[in-house]
*Asks:* 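I have a structure here, written as structure tokens, and I will follow up with some questions on it.
Model, not experiment: these values are computed from the prediction.
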Amino acid sequence: MEKNIKKLMCLSLAILLCLGTSRVTFAGEICKQTEPFTVYSPEFPDAYIITEINTGNEINSRSNEVSLGRVTATVFVEETYEFVNDAIVVTSSRLLSKDEVMAIGVENFKPLENQKLISPAVARNVRGTLTLTLDGSYKRVGNGVSTNVTGNAYWSGFDFLYSPKNNPAAGFDFIGVVWSGGFTSPKSRCTATWKDGGSQSVYLADSVPTAGRVWEFEEYFNILGDMIYVDNVDINMELTKASLTGGGNTAEVVMKYIHTYQVVKGNISISASSSGVGTGFSLSNTDKQWSIACTLTGIPQ
């Protein structure tokens, strides 16, 4: 009997340690069905993505909220600057693979704003990181459910030595949240802040009442010749449903960030619906772009 009690105590302790812990994984490891999150880049499927996951299922005894967990995902970015007609332009932007990052060394991905062009006659690669954070929680309200979703995008910085107004590398970036399950969003907010403080204007790019919201913002701004840039973007959303109709199935939420490095010529289109998220949303007629998306599952619908 004493031996069985000890085994039971050890098993209980192991379960408690597994719940609510955080761990670091890499791209490829995260796409397991046992995880509430997936992180991927459609344009760069081999991108090296360092992820830290805090698992959910914790219940707040005061609010009866159930935590869905949190994922933090960091990608490694390399951009190429060249001089074209006496102006500095970004000619390419991409996410690096694990082999490339390891060859360079993670410690060498210092903030991009600290990297300077050595000579106006030579092209130069600069490197930095983009980190996305997504978390959520829900609680039952009558026969329905209310879900809170928060997200953040953080750039390590840029070396803005060119004019965004006249430069083809300048473009708006986009961030949005889309969902399945037929939820509505009575409260949704997106804000962006400059590296040196202050708020940047954020505009609604597209909206589908029961499927998603996408915002756009200009990354750079020229104030009397002084370039400033956005380094933090925050999203806060409430998703509600008066009555559950999923028959035990769960809904999913996707937060997606699209980075462009040209003048945007197309439009945002949301493809998510009550039955599924699909690709979430996309930007048309703009070749110079890439994206990273985080998916959160387990929401009662």
*Asks:* Determine the interplanar angle of the Y48 and F76 rings, folded into 0 to 90°, and report it as parallel if under 30°, tilted if 30 to 60°, perpendicular if over 60°.
*Replies:* parallel
*Asks:* Any side chain to side chain donor-acceptor pair (under 3.5 Å) pairs touching residues 235-250, not counting sequence neighbours?
*Replies:* S146-E238, T184-T240, K241-T245
*Asks:* Would you say the side-chain atoms of R213 pair up with the backbone N or O of V208, donor to acceptor, closer than 3.5 Å?
*Replies:* yes
*Asks:* Do Q289 side-chain atoms and L283 backbone N/O form a donor-acceptor pair below 3.5 Å?
*Replies:* yes
*Asks:* Is it true that E78 and R94 have a side-chain N and a carboxylate O under 4.0 angstrom from each other?
*Replies:* yes
*Asks:* Does F172 offer a backbone N or O that forms a donor-acceptor pair with the side chain of T260 under 3.5 Å?
*Replies:* yes
*Asks:* Check whether W179 reaches the backbone of E252 with its side chain - one donor and one acceptor, N or O, closer than 3.5 Å.
*Replies:* no
*Asks:* Which value, rounded to the nearest 0.5 Å, describes the distance between N64 atom CG and S137 atom OG?
*Replies:* 12.0 Å
*Asks:* For the side chain of S185 and the backbone of K187, is there at least one donor-acceptor N/O pair under 3.5 Å apart?
*Replies:* yes
*Asks:* Is it the case that the side chains of W290 and S93 hold a donor-acceptor pair, with the cut-off being a distance below 3.5 Å and no angle test?
*Replies:* yes
*Asks:* Kindly write out the residues that satisfy side chain to side chain donor-acceptor pair (under 3.5 Å) with D206, not counting sequence neighbours, or none if the list is empty.
*Replies:* none
*Asks:* Any chance you could measure I53, atom CD1, to F37, atom CZ, to the nearest 0.5 Å?
*Replies:* 7.0 Å
*Asks:* Closest approach of S180 and V277, non-hydrogen atoms and distance?
*Replies:* N-CG2, 3.8 Å
